[in-house]
Protein chains: 2
Amino acid sequence: MFAGCDGSHAPLFRVGGKWTWRLIRCLEDGPRRFSELLVPLRYITPKVLTETLRAMERDGLVARSAHPGMPPRVEYELTPLGHSLLDPMNACCTWAAAHLPAVLAAREAHEPA
Amino acid sequence: MFAGCDGSHAPLFRVGGKWTWRLIRCLEDGPRRFSELLVPLRYITPKVLTETLRAMERDGLVARSAHPGMPPRVEYELTPLGHSLLDPMNACCTWAAAHLPAVLAAREAHEPA
DNA sequence: CTGCATCCGATAGGATACTG
DNA sequence: CAGTATCCTATCGGATGCAG
């Protein structure tokens with residue numbers, strides 16, 4: 001959630017979603033087909049994958065291109081806008097990688113399970 | 001949500017929460033009392049504020065210091081770890097500020113309300 | 001003032017099965 | 001293959017009221 005960045009509390013960009021970030025990661029190296037996304041996002045259900053893709057499509061982050069025919073072939077890829085999200089995402093991921101141990105240690109300290 | 005950054009899907013840092021980001025913003029300039037947080041976070045309920053603070057406390061992002069006495073006085077402030085989160089946060093907010101119009105335009109295009 | 005207890009509604013995420 | 005349809009559950013955020 002990027003809410004509050006500018007004072008608003010808009011449910012911005014669906015980046016609070018559980019799968020959005022991972023989905024972007026899967027798409028960062030190029031177009032992927034529906035079934036190619038189901039596998040690496042282990043055990044996401046088709047329904048949720050569809051929902052997530054549609055939401056990102058609405059926000060202009062991914063583009064959907066259907067090649068008619070049999071069997072159907074649909075590809076999803078990041079738009080330039082979607083690609084631009086990778087920068088701040090990576091900043092967050094870098095932080096996470098660097099500070100995850102500290103967070104986990106803090107959790108341990110509070111819940112000495 | 002920073003999930004998936006390193007391949008895991010841990011519910012990392014509670015940054016999927018609705019209030020976490022705004023709360024960090026409110027604390028970035030120094031310690032704040034409970035009631036000083038209720039106001040700028042317009043209409044967050046005490047319950048939710050408490051939940052959010054507790055969660056961040058568990059993760060080592062904020063420190064809680066209670067000054068006993070009457071009336072009670074409790075202050076919350078960002079830990080160094082919490083402060084370090086401001087960097088990636090600002091990267092995201094910069095992105096949001098820059099690309100919000102594009103996202104909104106995309107939404108309009110898909111839902112020509 | 002600072003918070004905890006309880007109840008509630010909305011929504012997100014998921015399991016399963018079915019269709020063009 | 002690429003979804004859709006239905007149902008279910010957990011969780012989140014909130015309203016209200018009470019307590020130290």
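Chain letters run A, B, ... following the sequence lines, proteins first, then strands; residues in each count from 1.
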Using whole Å, what does the distance between atom P of nucleotide D:dG13 and atom NZ of B:K18 come to? 7 Å
In whole Å, I'd like the distance from the CG atom of A:L38 to the C1' atom of D:dC1. 10 Å
Whether the side chain of B:T79 engages the backbone of B:G60 through a donor-acceptor N/O pair (distance < 3.5 Å, no angle test) should be reported. yes
Please tell me which of A:M70 and A:P46 maps to the more 5' nucleotide of DNA chain C, matching each residue to the nucleotide holding its nearest heavy atom. A:P46
Whole-Å distance separating the CZ atom of B:R22 from the C1' atom of D:dC12: 14 Å
Donor-acceptor pair, distance only, cut-off 3.5 Å: does the side chain of A:W95 make one with the backbone of B:S84? yes
Taking only N and O in the side chain of A:Y43, is any of them less than 4.0 Å away from OP1 or OP2 of C:dT16? no
Taking atom C1' of D:dA2 as reference, at what distance in whole Å does atom CD of A:E57 sit? 14 Å
Which whole-number value in Å describes the distance from A:L49 CG to C:dG14 C1'? 13 Å
Regarding B:V74, tell me which of base, sugar-phosphate or nothing describes its non-hydrogen contacts under 4.0 Å with the strands shown. sugar-phosphate
Nucleotide of C:dA15, D:dG13, D:dT4 approaching B:V48 most closely (side-chain heavy atoms): D:dG13
Taking 4.0 Å as the cut-off, does a side-chain nitrogen or oxygen of A:R54 come that near to OP1 or OP2 on D:dT4? yes
Would you please confirm or rule out a distance under 4.0 Å between OP1 or OP2 of D:dA2 and any side-chain N or O of A:R33? yes
Please report the shortest heavy-atom distance between B:L53 and B:L23, naming the atom on each side. CD2-CD2, 3.8 Å
With a 4.0 Å cut-off, would you call B:E28 and B:R25 a salt bridge? yes
Roughly how many Å is it from CZ in A:R32 to C1' in D:dC1, rounded to a whole number? 17 Å
Nucleotide C:dT16, atom C1' - distance to NZ of A:K47 in whole Å: 11 Å
Test: A:E57 and A:R54 ion pair at under 4.0 Å: yes
Does B:R64 make a side-chain N or O approach to OP1 or OP2 of C:dG3 shorter than 4.0 Å? yes
Minimum-distance nucleotide to B:W19 side chain [options: C:dG14, C:dG3, D:dG13]: D:dG13
Which nucleotide in D:dG3, C:dG14, C:dG3 has an atom nearest any side-chain atom of B:Y76: C:dG3
What is the separation between atom CZ on A:R42 and atom P on C:dG14, rounded to the nearest whole Å? 14 Å
For C:dT2, take OP1 and OP2 only and decide whether either is under 4.0 Å from a side-chain N or O of B:S35. yes
